[in-house]
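Each remark here refers to the structure printed beneath this line.
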Amino acid sequence: MVTVFGITGFLVNKYRFHILGVESYLMIIVPILLLTAFHLNGRQIFEYDSDGEALHFKNRNIIPFLNKPLHDEFPKYKLIKYDVISIFFIKRLYITVSSKNNGSTMLKYQISYLTRKEVNDLKLSLNKVVKTNKEKND
């Protein structure tokens, strides 16, 4: 939305009002930089459900055309391990799930927009599942 307003403002200024000079290009550059940062930060909506016998993960974007939504569901006993990677303002969740064909599969989710408390709750829940799975295997 900001990008559309910036481009519209640039075009109106350039062809109608001529108020701004070279600064009018900032009306295009700044919104495009913001949109790029928004895109690099990842999908905004992350949903996780561990109730029942299965784990449900959904990761989608507010703007539908930017990224394809992810939806995964698998039994709890298939979860092998997980990692939460945090670099500056970008956070990722990597989940390793056992598979019949390959032995294991890595699933990747973008959790940059989760708060610290939400990430800790997610880790606590996944720790319980991993611990239960290790106890059953031993």
Side-chain angles (χ1 to χ4, degrees):
M1 188 88 142
V2 174
T3 306
V4 172
F5 287 136
I7 292 171
T8 303
F10 171 77
L11 293 174
V12 167
N13 179 60
K14 184 168 181 156
Y15 294 113
R16 179 73 176 151
F17 296 115
H18 306 291
I19 295 172
L20 300 172
V22 178
E23 294 87 12
S24 66
Y25 288 101
L26 288 176
M27 294 174 74
I28 290 179
I29 294 170
V30 171
I32 288 176
L33 288 175
L34 289 174
L35 185 63
T36 303
F38 185 74
H39 178 69
L40 289 176
N41 211 9
R43 295 176 179 93
Q44 294 79 33
I45 301 171
F46 177 77
E47 298 172 4
Y48 167 71
D49 182 23
S50 65
D51 294 340
E53 294 296 317
L55 296 172
H56 304 276
F57 294 94
K58 290 182 184 177
N59 204 194
R60 56 192 166 97
N61 207 330
I62 292 174
I63 303 170
F65 63 85
L66 281 182
N67 287 337
K68 183 179 171 188
L70 296 175
H71 175 74
D72 292 312
E73 179 178 342
F74 53 88
K76 286 183 178 181
Y77 67 85
K78 288 192 171 193
L79 180 65
I80 298 172
K81 67 177 183 171
Y82 74 94
D83 286 321
V84 175
I85 307 296
S86 181
I87 302 172
F88 298 114
F89 58 90
I90 297 173
K91 289 185 245 175
R92 300 284 188 258
L93 172 66
Y94 295 96
I95 295 181
T96 306
V97 179
S98 64
S99 168
K100 291 180 187 176
N101 302 338
N102 302 343
S104 66
T105 302
M106 172 105 32
L107 303 173
K108 302 169 190 163
Y109 301 101
Q110 300 160 339
I111 58 171
S112 299
Y113 290 94
L114 294 182
T115 63
R116 183 175 290 167
K117 182 184 182 321
E118 291 171 333
V119 171
N120 288 337
D121 291 344
L122 176 67
K123 286 180 181 180
L124 183 66
S125 177
L126 291 174
N127 273 337
K128 287 180 185 177
V129 175
V130 169
K131 184 177 177 183
T132 304
N133 290 343
K134 284 184 180 180
E135 287 175 0
K136 284 183 181 179
N137 289 339
D138 291 340

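What's counted below: heavy atoms across the whole structure, side chains too, no hydrogens, waters or symmetry copies. Computed from a prediction, not measured in an experiment: that's the story for all the values here. If you read the sequence from its start, that first residue is 1, and numbering goes on from there.
Counting heavy-atom neighbours within 6.0 Å of R60 CZ, excluding the residue itself, gives a total of 12 or less. With a 6.0 Å radius and a threshold of 12 heavy atoms from other residues, nucleotides or ligands, K58 has its NZ atom at or below the threshold. Annotation: E47, atom CD; neighbour count of heavy atoms from other residues, nucleotides and ligands within 6.0 Å is above 12. By the 6.0 Å contact criterion, CG on L124 is enclosed, its count of non-hydrogen atoms from other residues, nucleotides or ligands being greater than 12.
Rounded to the nearest 0.5 angstrom, T132 OG1 and Y77 OH are separated by 15.0 Å.
For the side chain to side chain contact (heavy atoms under 4.5 Å, CB included) criterion with Y113, the lone passing option out of R43, K91, E118, Q44 is Q44.
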- prompt: Is there a side chain to side chain contact (heavy atoms under 4.5 Å, CB included) between F74 and I95 once you walk through the steps?
  reply: CA-CA 11 Å; F74 53 88; I95 295 181; 4.2 Å; yes

field: Criterion side chain to side chain contact (heavy atoms under 4.5 Å, CB included) on L93 and F46, from CA distance to verdict
entry: CA-CA 11 Å; L93 172 66; F46 177 77; 3.9 Å; yes

- request: Evaluate the side chain to side chain contact (heavy atoms under 4.5 Å, CB included) criterion for residues N127 and Y82: first the C-alpha distance (whole Å), next the side-chain angles of each, then the deciding distance (0.1 Å), finally the verdict.
  value: CA-CA 9 Å; N127 273 337; Y82 74 94; 2.8 Å; yes

message: F57 vs N59, test: side chain to side chain contact (heavy atoms under 4.5 Å, CB included). Steps then yes/no.
response: CA-CA 7 Å; F57 294 94; N59 204 194; over 6 Å; no

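Under the 3.5 Å distance criterion, the side-chain polar atoms of S125 are left unmatched by any main-chain donor or acceptor of D121.
Not counting sequence neighbours, T96 has no partner by the side chain to side chain donor-acceptor pair (under 3.5 Å) test.
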